[in-house]
Amino acid sequence: MTAKIIDGKQVAADMRAEIKTEVAELKKNDIVPGLGVILVGADPASQSYVTAKEKACEEAGIFSDDNRLPADTSETDLLALVEKMNNDPKINGILVQLPLPKHIDESKVLLAISPSKDVDGFHPMNIGKMVAGEKAFLPCTPHGIIKLLQRSGVKLSGAEVVVVGRSNIVGKPVANMLIQKSDTGNATVTVCHTRTKNLAEHVKRAEIIIAAAGRPNTITADMVKDGAAVIDVGVNRIEDSTKKSGFRLVGDVDFDAVKEKASLITPVPGGVGPMTITMLLYNTVESAKIANGLV
Ligand code: GUN
C-alpha cells in the first residue's frame with residue numbers, strides 16, 4: 001500500500017479561511033481579536049516561529065502586538081509585561097514563545113498568564129480542565145493533530161493509538177485528548193517513551209501512530225502495521241550541505257519507507273506544523289468571542 005499524503009498546508013489553509021471569515025463577521029460588531037506576542041532572545045528557530053505566527057494573524061485579520069525582548073530581560077520585567085497584557089482589553093490571547101532563557105523560570109511565567117488569555121493552553125488551570133474533560137483552551141499542536149485526523153476521515157472512536165513521546169506540549173496532552181469521552185476522543189491510547197521496553201511491539205499494534213519523540217528515524221517501516229495512519233510531529237534539523245541554510249528538516253518517521261505501508265501519512269515539513277499556528281488563531285478568536293459574551 002502507498003499512503004495518501006495528508007496535506008497539512010491545505011487543511012490549515014481551509015481552516016484559516018474559515019477563521020478569516022469569522023474575524024470579518026466579528027469586525028462588523030467592532031470586535032478585533034488581538035494576540036500579544038512575546039519573544040525573549042534571538043533563537044533563530046523561535047524567531048521564525050514567531051514571525052510565522054504574526055504573519056498568520058495579519059492574514060486572518062487578527063491584531064498582533066509584537067514584543068521582541070533582549071535575551072538578558074529580567075524575569076520581573078517579563079512578568080510585568082504579561083501582567084500589562086492580562087489587563088489590556090485589546091489583547092485576547094498571550095503567547096510567550098518557549099523556550100525562555102535559562103535565568104527565567106518558565107513555569108512561573110506560564111502561571112502568570114491569565115487562564116482566560118492562555119491561547120497556548122499551557123496554564124495548569126487549562127491543563128487541569130482539559131484532563132477533566134471540561135471546556136478549556138486546548139494546546140495547539142495536539143489539537144491540530146486531532147483536527148488533521150478528523151478532516152482526513154480517520155475514525156478515532158475505538159481506534160488503537162500509539163503515541164511515541166511524553167512531552168508536556170505534545171505527547172501528554174494528545175494522549176489525554178484522545179482518551180476523552182467525546183467525539184475528539186474515545187480512542188484506546190498507549191504512550192511510549194525513552195524507557196519503553198519494546199517500542200516496536202507497541203507501535204505494531206497501532207491503527208494510528210503519533211510520533212513525537214524528537215528523534216529522526218524513531219519509527220521505521222518494520223514497526224508499522226499495514227494501513228496505519230501516521231502523524232509525524234518531529235521537527236529535526238539534519239545537516240545538508242546542498243541547502244543554502246546548511247540543514248534540512250526531517251520528522252521522527254522514516255517517511256520514504258513508511259509511506260509504502262501506511263494508508264495516510266503527514267510529511268515534514270507541511271504536515272502538523274501549519275496546524276499548530278492555525279489552532280493558535282482559532283483559540284485567539286474563541287477567546288475574543290468569550291470576552292464579548294458571544295459563546
Ligand atoms: N515553542 C515551541 N512550540 C511552542 C508553542 O506551541 N507555543 C509556544 N509558546 N512556544 C513554543
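When a ligand or atom number is given, it counts from 1 through the structure's own listing order. Remember, it's a predicted structure, so these values are computed and weren't measured experimentally.
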Answer yes or no: is there an ion pair linking [X] with [Y], defined by an N-O contact shorter than 4.0 Å?
X    : Y    : value
K102 : E75  : no
K55  : E58  : no
K155 : E207 : no
E54  : R68  : yes
D14  : R16  : no

Q. For ligand 1, which atoms, with element, lie under 4.0 Å from some heavy atom of L95?
A.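 This gives 9 (N) as the contact atoms.
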**Q.** Under 4.0 Å to a heavy atom of Q97 - the qualifying atoms of ligand 1, by number
**A.**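 Taking each heavy atom of Q97 in turn, ligand 1 has 1 (N), 2 (C), 8 (C), 9 (N), 10 (N), 11 (C) under 4.0 Å.
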[X], any N or O under 3.5 Å of ligand 1 N or O:
X    : result
V96  : yes
Y49  : no
L98  : yes
T141 : no

Q | Polar contact flag, side-chain donor to acceptor under 3.5 angstrom, D7-Q10 | A |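 Side-chain D/A pair, D7 to Q10: absent.
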Q: Among I219, V203, T188, T196, find the residue that satisfies the side chain to side chain contact (heavy atoms under 4.5 Å, CB included) test when tested with V162.
A: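 By the side chain to side chain contact (heavy atoms under 4.5 Å, CB included) criterion, V162 pairs with just one of I219, V203, T188, T196: V203.
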**Q.** For atom 8 (C) of ligand 1, closest protein heavy-atom neighbour
**A.**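 Looking at atom 8 (C) of ligand 1, the protein heavy atom closest to it is D120 OD2, 3.4 Å.
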Q. Looking at atom 3 (N) of ligand 1, what's its closest protein heavy atom, distance included?
A.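 Heavy-atom neighbour on the protein nearest atom 3 (N) of ligand 1: I169 CD1, 4.0 Å.
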Q) Does some non-hydrogen atom of K53 fall short of 4.0 Å from ligand 1? A)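 Yes; K53 lies near enough to ligand 1 that a heavy-atom distance drops under 4.0 Å.
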